[in-house]
Engineer: 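Below is the structure I would like to discuss, written out as structure tokens.
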Amino acid sequence: MLPLQGKVALVTGASAPRGIGRAIALRLAADGAAVVVTDVAGSLVIDGADVLRLTLLDGLVSEIAAMGGVAFAQKLDVTSAADIAVGVETTLAQFQRLDILVNNAGSLSGVGEFLAATPAQWQTSFEVNLLGPMLLAQAVIPHMRKAGGGRIINIGSTGSLGAEPGFAAYTTMKHGLVGLSKTIAAEFGPDGILCNTVCPGYIATDMHLATNERLAKERGFSVAEIKQDRYAQVALRNAGLPEDVANAVAFLAGPQGAYVTGINLPVSGGVPFGI
């Protein structure tokens, strides 16, 4: 029997082809969970063409079905209380339960020089990176309580534990996400609800590769030079893969993680800065 057979998971921010959310959804499905994959409306530029995020989610559902899994796609903007309510209600109507919430959706709004960041950029970072996970937790915890327990896994960052220049808003909100996870773990542990933060370091996602390109432009270096400079801080000297993060999430979601709550789990290849 698969470790998550009979469980239902909801994963936010799952549309990007080289994204952590997509890798998590595939891994949880491979472990037997039915997975609700969600993201905002809008599009991504892939190979020079605009592709709708919801179309990408439909492709992910088809991929999970092809491997024998069960999945359902749902539009969900984590900054919208209405979207969250509909997403949770739709999940319950479809599967009659919700055992695992993975708050993966994130925003790099406000990255760059600290003095140039605007209040609006900080507000966006707050709403996506911190308020959204809080609202989703509030929406699912009553159902998890009734079911006798559940798992909430927040996707933080090594920026949840330390800091590097140029990521002030993101780092601040990801630090707050750790506090949110620890609070949920402490308050709802008696209900059988476990909450942890997975803290990826440099992971070869579309977002990370775009950051490398931005830093190269800002600093007048090549992308190869930026990668060499950044990865020199990593004990393993390279970026990880989305699947590395998905493996950590699967551990915390599964039976092996049954006595693990309130922790920060770095998946970073050994990143020392500020930690």
Side-chain angles (χ1 to χ4, degrees), residues 8-16 19-25 28 35-44 52-58 60-61 71-92 94 98-111 120-144 150-157 159-160 167 169-181 183-184 193 195-200 203 205-207 242 245-246 249 253:
V8 176
L10 188 152
V11 181
T12 66
S15 68
I20 289 172
R22 182 178 186 278
I24 291 170
L28 296 181
V35 184
V36 179
V37 293
T38 75
D39 216 323
V40 293
S43 61
L44 290 173
L52 293 175
R53 288 181 180 271
L54 299 183
T55 299
L56 292 167
L57 287 182
D58 288 338
L60 177 55
V61 168
F72 181 84
Q74 175 70 37
K75 172 190 168 291
L76 198 160
D77 180 345
V78 301
T79 70
S80 166
D83 265 22
I84 289 170
V86 170
V88 172
E89 289 167 8
T90 301
T91 299
L92 293 169
Q94 186 79 13
L98 207 176
D99 305 282
I100 302 159
L101 168 65
V102 183
N103 281 313
N104 170 72
S107 170
L108 286 174
S109 178
V111 299
Q121 289 171 327
W122 275 69
Q123 182 67 26
T124 296
S125 184
F126 166 68
E127 290 179 356
V128 176
N129 294 319
L130 185 53
L131 183 62
M134 185 277 288
L135 292 173
L136 272 153
Q138 283 188 329
V140 305
I141 284 172
H143 303 287
M144 290 181 174
R151 311 288 174 92
I152 297 174
I153 301 164
N154 293 322
I155 305 302
S157 164
S160 298
F167 295 86
Y170 181 80
T171 298
T172 300
M173 305 312 159
K174 291 297 188 179
H175 272 70
L177 191 62
V178 167
L180 175 65
S181 295
T183 298
I184 292 170
I193 298 170
C195 186
N196 295 287
T197 310
V198 174
C199 299
I203 304 296
T205 63
D206 294 313
M207 183 182 288
V245 183
V249 171

Engineer: Apply side chain to side chain contact (heavy atoms under 4.5 Å, CB included) to V40 and D83, showing your working.
Structural biologist: CA-CA 9 Å; V40 293; D83 265 22; over 6 Å; no

Engineer: Taking the side chain as everything from C-beta on, heavy atoms only, tell me whether T91 gets closer than 4.5 Å to V140.
Structural biologist: no

Engineer: Identify the two heavy atoms, one from P242 and one from T205, that lie closest to each other, and give their separation to 0.1 Å.
Structural biologist: CG-CG2, 4.1 Å

Engineer: With sequence neighbours left out, what residues match Q74 under side-chain contact (heavy atoms from CB on, under 4.5 Å)?
Structural biologist: V36, T38, F72, V86, T90

Engineer: Which atoms form the tightest heavy-atom contact between A253 and L28, and what is the distance?
Structural biologist: CB-CD2, 4.2 Å

Engineer: Could you check whether any side-chain N or O of S80 sits under 3.5 Å from a backbone N or O of L76, counting only pairs where one atom can act as donor and the other as acceptor?
Structural biologist: no

Engineer: Sub-3.5 Å donor-acceptor pair from the side chain of D39 to the main-chain atoms of S15, do we have one?
Structural biologist: yes

Engineer: Sequence neighbours left out, what passes side-chain contact (heavy atoms from CB on, under 4.5 Å) with S157? Give chain and number order.
Structural biologist: S160, Y170, K174

Engineer: Rounded to the nearest 0.5 Å, what separation is found between the CG atom of L60 and the CZ atom of R53?
Structural biologist: 13.0 Å

Engineer: Which pair of heavy atoms, one from L57 and one from A73, lies closest together, and at what distance?
Structural biologist: CB-CB, 3.9 Å

Engineer: For S109 and S125, work out which heavy atoms get closest and say how close.
Structural biologist: O-CB, 3.8 Å

Engineer: Taking the side chain as C-beta and beyond, is there a heavy-atom pair between I20 and P200 under 4.5 Å?
Structural biologist: yes

Engineer: Does I155 offer a backbone N or O that forms a donor-acceptor pair with the side chain of N104 under 3.5 Å?
Structural biologist: no

Engineer: Excluding sequence neighbours, so at least two apart, what forms side-chain hydrogen bond (donor to acceptor under 3.5 Å, both in side chains) with D58?
Structural biologist: none

Engineer: Are the side chain of N196 and the backbone of I153 linked by a donor-acceptor contact shorter than 3.5 Å?
Structural biologist: no

Engineer: Just by modelled atom types, is the G19 backbone N or O under 3.5 Å from a matching donor or acceptor in the D206 side chain?
Structural biologist: no

Engineer: With sequence neighbours left out, what residues match L135 under side-chain contact (heavy atoms from CB on, under 4.5 Å)?
Structural biologist: I84, L131, Q138

Engineer: In Å and rounded to the nearest 0.5 Å, what is the CG to NZ distance from L52 to K75?
Structural biologist: 13.0 Å

Engineer: If you define the side chain from C-beta out and look only at heavy atoms, does anything of L56 sit under 4.5 Å from R22?
Structural biologist: no

Engineer: Report the residues that fulfil side-chain hydrogen bond (donor to acceptor under 3.5 Å, both in side chains) with R151, sequence neighbours left out, ordered by chain and then residue number.
Structural biologist: none

Engineer: Only one of L177, T12, I152 clears side chain to side chain contact (heavy atoms under 4.5 Å, CB included) with P133; which?
Structural biologist: L177

Engineer: Measure across A137 and L101 and return the closest heavy-atom pair with its distance rounded to 0.1 Å.
Structural biologist: N-CD2, 4.0 Å

Engineer: Can you see which heavy atom on M173 is nearest to which on N129, and at what distance?
Structural biologist: CB-CB, 3.7 Å

Engineer: Could I get the full list of side-chain contact (heavy atoms from CB on, under 4.5 Å) partners for S181, not counting sequence neighbours?
Structural biologist: N154, C195, T197

Engineer: CG of L10 to CG of L98: how many Å apart, nearest 0.5 Å?
Structural biologist: 5.5 Å

